[in-house]
Student: 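One structure is given below, represented as structure tokens, and several questions about it will come after.
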2 protein chains.
Amino acid sequence: MNNVKDIKYIKKFGENLKQIRLNKNLSQEVLAFTADIPISQIGRIERGEINTTISTVKVLAEALDISVKELFDFEIK
Amino acid sequence: MNNVKDIKYIKKFGENLKQIRLNKNLSQEVLAFTADIPISQIGRIERGEINTTISTVKVLAEALDISVKELFDFEIK
DNA sequence: TTTTAATAGCGCATATATGCGTTTAAAAAT
DNA sequence: ATTTTTAAACGCATATATGCGCTATTAAAA
């Protein structure tokens, strides 16, 4: 988290998550409910504030009905 | 981490990481050095003891010279 | 404009990942 | 058999993700 490149990476991850969520017309609230995690968590991930874990990524992918790989399908810069 | 499925998932992730590392004939030590993370961390991830973060996954992928997606390219069960 | 919905953003406690070092065990090489 | 390499498996301090609740802000709808 202290690494500049890492911060860019988690920001990109969050942007990609948000994009996918919006493409499915889901609110943060609905995604949070489906993934069974707090809505505040979704927000912090999308804003790139936190360096989330693979288990959280997995439940998000399941809730979005996509593969985990798709959540990592973005350009690093 | 308290969820049974999550434990299975992080175990599978670790097994996949180990497989990829061995396929490249790299020791945990060399991978740790290249990724600039402690060797103990590599072991704990491969053994499925910890639910690692996306930034760690990213540096591992870079050190292995593969995409992050490849580290998630395994069957969930 | 007023109401409603959606998101941002904060605070706080707890759980856990990380980072670093050390010891033990097993396997491979000599 | 001994040495060397590799990985497992501890312990511990620190940083941070999570979980929960709440308020503020923004945007959209009425």
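In what follows, chains are A, B, ... by sequence order, proteins preceding strands, each numbered from 1. Keep in mind that the numbers below use all heavy atoms, side chains included, and drop hydrogens, waters and symmetry copies.
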Student: Do B/I45 and B/V57 have side chains that approach each other closer than 4.5 Å (heavy atoms only, starting at C-beta)?
Tutor: no
Student: Within this structure, what is the CD1-to-C1' distance between B/I39 and D/dT6, rounded to whole angstrom?
Tutor: 8 Å
Student: Identify all side-chain donor-acceptor contacts of residues 14-21 of chain A below 3.5 Å with residues at least two apart in sequence or on another chain.
Tutor:
residue	atom	partner	partner atom	Å
A/N16	ND2	A/E70	O	3.3
A/N16	ND2	A/L71	O	3.0
A/R21	NE	A/E46	OE2	2.6
A/R21	NH1	A/L26	O	2.8
A/R21	NH2	A/E46	OE1	3.0
A/R21	NH2	A/E46	OE2	3.4

Student: Pull out every residue in residues 26-38 of chain A that has a heavy atom closer than 4.0 Å to any atom of DNA chain D, ordered by number, or say none.
Tutor: A/I37, A/P38
Student: Are B/I42 and B/I66 connected in a single hydrophobic cluster, I mean Ile/Leu/Val/Met/Phe/Trp/Tyr linked by side-chain heavy atoms less than 4.5 Å apart?
Tutor: yes
Student: My understanding is that only residues two or more places apart in sequence, or in another chain, count here; which of them pass salt bridge (charged side-chain N to carboxylate O under 4.0 Å, His left out) with A/K24?
Tutor: none
Student: Is any side-chain heavy atom of B/I10 less than 4.5 Å from a side-chain heavy atom of B/T52?
Tutor: no
Student: Which pair of heavy atoms, one from A/L31 and one from A/A63, lies closest together, and at what distance?
Tutor: CD1-CB, 3.6 Å
Student: Before you tell me yes or no, could you show the steps for A/I37 and A/L60 under side-chain contact (heavy atoms from CB on, under 4.5 Å), namely the whole-Å CA-CA distance, both residues' side-chain angles and the distance that decides it to 0.1 Å?
Tutor: CA-CA 9 Å; A/I37 61 179; A/L60 286 174; 3.8 Å; yes
Student: Taking only residues two or more places apart in sequence, or in another chain, which ones meet B/E29 in a salt bridge (charged side-chain N to carboxylate O under 4.0 Å, His left out)?
Tutor: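 None.
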Student: What string of B, S and - do you get for nucleotides 24-30 of chain D, 5' to 3', if B is base contact, S is sugar-phosphate-only contact and - is no contact with any protein heavy atom under 4.0 Å?
Tutor: -------
Student: The criterion is ring-ring contact (aromatic ring centres under 6.0 Å, His included); which residues satisfy it with A/F13, sequence neighbours excluded?
Tutor: A/F72
Student: Do the side chains of B/V68 and B/I54 get nearer than 4.5 Å, heavy atoms only?
Tutor: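 No. Closest side-chain heavy atoms not under 4.5 Å.
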Student: Would you jot down, in residue-number order, the residues of residues 44-73 of chain B having a non-hydrogen atom under 4.0 Å from DNA chain D?
Tutor: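 The answer is B/R44, B/R47.
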Student: Bend angle of the helix from C/dT1-D/dA30 to C/dT30-D/dA1 from five-pair axes at both ends, rounded to 10°?
Tutor: 50°
Student: Holding to ring-ring contact (aromatic ring centres under 6.0 Å, His included), I want the full list of residues that pass it with A/F74, two or more places apart in sequence or in another chain.
Tutor: A/Y9
Student: Are any non-hydrogen side-chain atoms of B/L64 and B/T34 less than 4.5 angstrom apart?
Tutor: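 When only atoms from C-beta onward are counted, B/T34 and B/L64 do not touch, as no gap falls below 4.5 Å.
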Student: For A/D6, what residues pass the side-chain hydrogen bond (donor to acceptor under 3.5 Å, both in side chains) criterion, not counting sequence neighbours?
Tutor: none
Student: Give me the atom names and distance for the closest heavy-atom approach of A/Q41 to A/I50.
Tutor: NE2-CD1, 3.6 Å
Student: With sequence neighbours left out, what residues match A/K11 under salt bridge (charged side-chain N to carboxylate O under 4.0 Å, His left out)?
Tutor: none
Student: Can you pull the contact range of chain A along DNA chain C, 5' to 3', using atoms under 4.0 angstrom from its heavy atoms?
Tutor: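 In short, chain A contacts DNA chain C from C/dT7 to C/dG11.
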